[in-house]
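Written below as structure tokens is the structure these notes are about.
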Amino acid sequence: MSRLYFRFYIALLASLMLFALAVSMLWHRDGGPMERSDATLARLVQNTLAPAGAPPDQQQAALERMASGIHARMTLYTADWAPLATVGPPLPKPEWRLRTMTAPPRASWVRLPDGRQLLSSQPLGFASARQVLHAMLLLLVLGVAVAAYPIVRHLTRRLERLQTGVESLGAGDLSARVKVEGKDEVAQLARSFNRAADQIEQLVGAHKTLLANASHELRTPLARIRLALELVKETVDARRRAGLEQDIAELDQLLDEILLASRLGAIDDAMAAEEVDLLALAAEECAHYDDAVLNGASAIVRGDPRLLRRLLRNLLENAHRHGVPPAHVQIERYDGADAPVVTLSVWDSGPGIPVAEFERVFEPFYRRAGTQENSGAGLGLALVRQIARRHGGDARCATMPDGRSRFAITLPLV
């Protein structure tokens, strides 16, 4: 994934490169003032010197007049580098010096319009205009690139901190806040995020308080109803009494599941983590069912034994209520890409769940069509997925080779 600061930085450098390319193209097309001044200087030097066909003594006299007073060594060559005149020790032609990377500067080498070459130990004009332009543009690009990186990185680093705060809040850390830095749009966005996080934390806190108070208040009348039922059980029809007891038990279980789902949704809820043998835990839960078959090997996971027991119990209860006995539980170890994992699979002898409902069955309060009214509130599988994710794993439905479906719970091994 391309980082935002890198994209900003590349966009800035690309803009500079396009600017440099455009300036260079215009310069090469029309010529700069320094290049035009070099051409003018070459014409003036030619006008000062003797004509190209003049005798050697006239060439020498003209060169001496031009060199007088500037303390320069000068050598005049023909177009094919034959010497015509010299002032002081002759200056060698530059071809051999080019090979040794010690050629005289372009400023002391003037090519006359008639083809003659004039070498001087003192500069006779500007340096190469195009080389100067290219060097200046390159230094400009490098300077802006070095100076712009910390600026762009500082801006996007604040955005990254804001992203971390948003991810923490989304993961359930309602106390996540971001530091407000500066007075620009990013700082205003950080303030807005903090205000939204405050409101969400207050709403969730009020929601948890409401659930806790409601459950407490509901358990009191439930206890009274149960007590009243015990007192009048001799006068109530046995069938009606059994129905009332089942309704009370289901309502009590519903309250317990709602409270557990609420606690699992809060990241600050403490979880008693310890090493648990998943095979031993599954054996204890399967012992409560006459039609449960357990297979697999020992697998040690780290987590809350109460929550893991609740996960297994909900899966077995789901198979007992909605499936066809016997229920099968299988524990398999796998070497994952990052770390070893264990897969807990539960299925029954029935056809299973249609593929179209593989995800919907994990939604809270979802009940499949044709399900009996007293078959649960629809929170059992939702709790299974919450518990699995709370332990660093996940829960899903999968298709077996024979076409039936199974519940597969993946948990990391110790």
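- Remark: Glu363 engages Arg360 in a salt bridge (Lys or Arg N to Asp or Glu O under 4.0 Å) (not counting sequence neighbours).
- A salt bridge links Glu285 with Arg309; the closest basic N to acidic carboxylate O contact falls under 4.0 Å.
- Each side-chain hydrogen bond (donor to acceptor under 3.5 Å, both in side chains) pair with one or both residues in residues 339-354, not counting sequence neighbours, appears once here: Ser345-Arg406.
- Under the ring pair (Phe, Tyr, Trp, His ring centres under 6.0 Å) criterion, Tyr289 pairs with His320, sequence neighbours left out.
- More than 12 heavy-atom neighbours from other residues, nucleotides or ligands sit within 6.0 angstrom of CE on Met400.
- For the residue pair Asn314 and Gly380, the shortest heavy atom distance occurs at ND2-O, 3.2 Å.
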**Request:** Walk me through it: do Phe358 and Phe407 pass the test side chain to side chain contact (heavy atoms under 4.5 Å, CB included)?
**Result:** CA-CA 9 Å; Phe358 272 11; Phe407 290 101; over 6 Å; no

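- Sorted by first then second residue, the side-chain hydrogen bond (donor to acceptor under 3.5 Å, both in side chains) pairs that include residues 393-402, not counting sequence neighbours, are Arg389-Asp394, Asp402-Arg404.
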Listed pairs under 3.5 Å, donor-acceptor, residues 198-205 side chains, sequence neighbours left out:
unit_1	atom_1	unit_2	atom_2	d
Asp198	OD1	Arg177	NE	2.8
Asp198	OD1	Arg177	NH2	2.5
Glu201	OE1	Arg177	NH2	2.7

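- Across all their heavy atoms, Ala42 and Pro113 have their closest contact at O-CD, 3.6 Å.
- Between Val178 and Gly165 the shortest heavy-atom distance is CG1-CA, 3.9 Å.
- For the salt bridge (Lys or Arg N to Asp or Glu O under 4.0 Å) criterion with Glu181, the lone passing option out of Arg157, Arg158, Arg191, Arg161 is Arg161.
- Counting heavy atoms from C-beta on, the side chains of Val45 and Met66 come closer than 4.5 Å.
- Pairs passing the salt bridge (charged side-chain N to carboxylate O under 4.0 Å, His left out) check and including a residue from residues 69-80, sequence neighbours excluded, do not occur.
- Closest non-hydrogen pair, Glu284 versus His288, comes out as O-ND1, 3.0 Å.
- Residues Leu169 and Ala197 approach most closely at CD2-CB, 4.2 Å, considering heavy atoms.
- When all heavy atoms of Ile353 and Glu357 are compared, the closest pair comes out as CG2-CB, 3.8 Å.
- You'll find the side chain of Leu315 reaches within 4.5 Å of the side chain of Leu381, heavy atoms only.
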